Amino acid sequence: MDKLDAKKRIQNLRAEIARLRNAYHVENSPNVTDDVYESLTRELKNLLIEFPEFKDENSNENRIAGKPLDKFVKVEHKIRMLSLNDVFSFEELEDWGNRVKKLLVTDKINYFCEVKFDGLAVSLIYEDGKFVRGATRGDGSIGEDITENLKMIGSIPLSLIRRGVQGEVNSVPTFIEVRGEILMSKKTLISLNKKNDSEGKTIFANTRNAAAGSVRQLDPQLAKERNLDFSAYDIAEVKFTSPKPSPYQGEGELLTHSDKHKLLKQLGFPVDEHDAICKNLGEVEDFIKKFEKIRPDFKFGTDGIVISVDDLKLQETLGVVGKAPRYMAAFKYPAERATTIVKDIKVNVGRTGVLTPLAIFEPTLVAGSTVSKATLHNIEQIERLDLRIGDTVVIQKAGDVIPEVVEVLVKMRTGKEKKFNMPKVCPACGTKIEKKEGLVASFCPNPKCNAKNERYLDFFVSVFGIYELGPKILRRFKDEGLITDAGDIFTLQKEDIAPLERFGEKSAENIINEINLKKKISLSKFLWALGILHVGEETARDLAQEFGTLEKLISIVRQDLTQIAEIENIGPAVSKSLHDYFSDSHNIAFIEKLKKNGVTIEKVEKKQAGKFNGMTFVLTGTLATMSRELAKEKILAHGGKVAGSVSKNTSYVVAGEEAGSKLTNAQKLGVKVLTENEFLKML
Ligand code: IVH
């Protein structure tokens, strides 16, 4: 074949492979056998070996696993990846619907319903139709770059071709960020677990863990072998160069969430076909009931239905509160239940010293995974259930919820069941346990308790992101006397580690390099890593934002606790716990040790003032696009204040339809009056 013929043949092969790919992954109508697809792909690959000048790194047939990575690079999401508010019944769904209607002051709302997949959320970025970056959700703001692994997933297009309703080819966006879920089918999970079991490897509890675990492998070849899938559900951002009419309304101008789904499909993304536009909540409920019947046989794990207000303008009006949009809700199907026998109750010592009773079961299948233990939280829970060792119990598990004991089948008792008492001493170190005022939990107060310190060490290292130091290595270092607490990690030397059996120069060097790299830490991570009771990831972030430095926080904790309790999202329990922590000289000594050993804490700029800071608004009349309540919230969110009456201190009066005396007062006092439109522009 000469070069010109080869070029033509390659073009044709690519187009045909793309068409088949689309039929298989997007249209769900595999009108061709795998053999044909593979045969065409093989021919293309061979031709490209002969004519490498026609290779295209981003073409869809080019899925060759790259080299394993050393670690995942962090990436920032320009548009935050949010989470969803859950509703657990039709009643709660109607409450949500009523809130939405009230805020939008209209009854005419279309709802879009779609399946809620149980997988791992990812963001995919395409520039000029080429897949350039894929990332995990992470904490919503910062995720990990997993591009190479995602390239191994057949249903993720590497380059986009856009087909309209008649199959015609339309223009592709210059930029698009697609959001969707990485999935493992139930069938794949079963065979993977079978294989792993026979090889003595990890058994995954559900499709979500398996999908997440597979996509976070550093070696793309492993990700490839896991046979993952993808389903798209949202477009975070899209840009076209030349706006022109298109089947979904107007290119570049998406009007509804369902338009987004249409565009995703046209671009070659798999979008699940179980969706519907519903005119009212009654129709939404019918949709939920209908899918519940299909659910057990559905190819992928699902835990509910996502319901969105379809109109994107209305979505914008409703906005986001905290981490979740107000225009969406996730209906969760009720948890599945099963019965089992409690073989034993064990007690775990956590990183803060809290003792947690744990029920050990006869392994039982529930909601698609085998359950062999469940936390009982505390002694009160055991008493409430009247749970005894040997009891037959009902356990339940919702898609993403840890299994729990919900009921004891008292009638099944034989009389041999044994009552359980919390131990009087710590099961790990023998110290007499204590109770903290106002809390049900029992604590091991011993600062030297081995179990507690080990748990804390694991936690500390994971917050610092020192991935080289897994629990086993930490145990080993402790046994070898290299470390006694987390502070010692930062003075480890290569020479300490290299001579240890199974380590050597190279791995010692990797460990030390990573520790040095992670010595510099943000204030929020540092606070979180201290393991202060009630100070989790989010609270730590709020505290860091508010105080900027550790010194400032400590000094306020010592002087004026009320100031802390007044911060948004932070209440008296957190402030008390901060006070207890920073009053303990052991803790202060630990912080000093970390700093002395080279940990540096990055200073945080204080929260930027909102654009309405220092401004007072007065609302009057009826607004057309939102309720006054919502308008107030929006003003507050931007740092402004809302007053009930006009004075000379009022910055703006926002006047809707039929504005009354407040408007006349404003005119008298010379206060600036805004129309609703002007106000919206300011927002
Ligand atoms: S919408 C607003 N649609 O659910 C952010 N999410 O609980 C939610 N999920 O992180 C995006 N299927 O991982 C949306 N059809 C679907 C979904 C879906 C699964 C996951 C997603 C998200 C989580 C939020």
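All of these numbers come straight from a predicted model, not from anything done at the bench. Numbers here are sequence positions counted from 1. Both ligands and their constituent atoms are indexed starting at 1 by order of listing.
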Among residues at least two apart in sequence or on other chains, which ones pass ring-ring contact (aromatic ring centres under 6.0 Å, His included) with Phe612? Phe617, His638
Both conditions, 6.0 Å and 45 degrees, for the charged tip of Lys632 above the ring of Phe679: are they met here? no
Can you sort out the partners of Tyr327 under ring-ring contact (aromatic ring centres under 6.0 Å, His included), two or more places apart, ordered by chain and number? none
Listed pairs under 3.5 Å, donor-acceptor, residues 95-107 side chains, sequence neighbours left out:
from	atom 1	to	atom 2	distance (Å)
Trp96	NE1	Arg326	O	3.1
Asn98	ND2	Glu94	O	3.3
Lys102	NZ	Glu629	OE1	3.4
Thr106	OG1	Lys108	N	3.0

Without hydrogens or angle criteria, can the side chains of Glu676 and Thr625 be said to hold a donor-acceptor pair below 3.5 Å? yes
Could you go through ligand 1 and note, for every N or O atom, any protein N or O atom closer than 3.5 angstrom, writing the atom names and distance to 0.1 Å, or 'none'?
from	atom 1	to	atom 2	distance (Å)
ligand 1	4 (O)	Lys116	NZ	3.1
ligand 1	7 (O)	Lys116	NZ	3.4
ligand 1	12 (N)	Phe117	N	2.9
ligand 1	13 (O)	Glu181	OE1	2.6
ligand 1	13 (O)	Glu181	OE2	3.3
ligand 1	15 (N)	Glu114	OE1	3.2
ligand 1	15 (N)	Val115	O	2.9

Side chains of His261 and Glu114: do they bring a donor and an acceptor to under 3.5 Å? yes
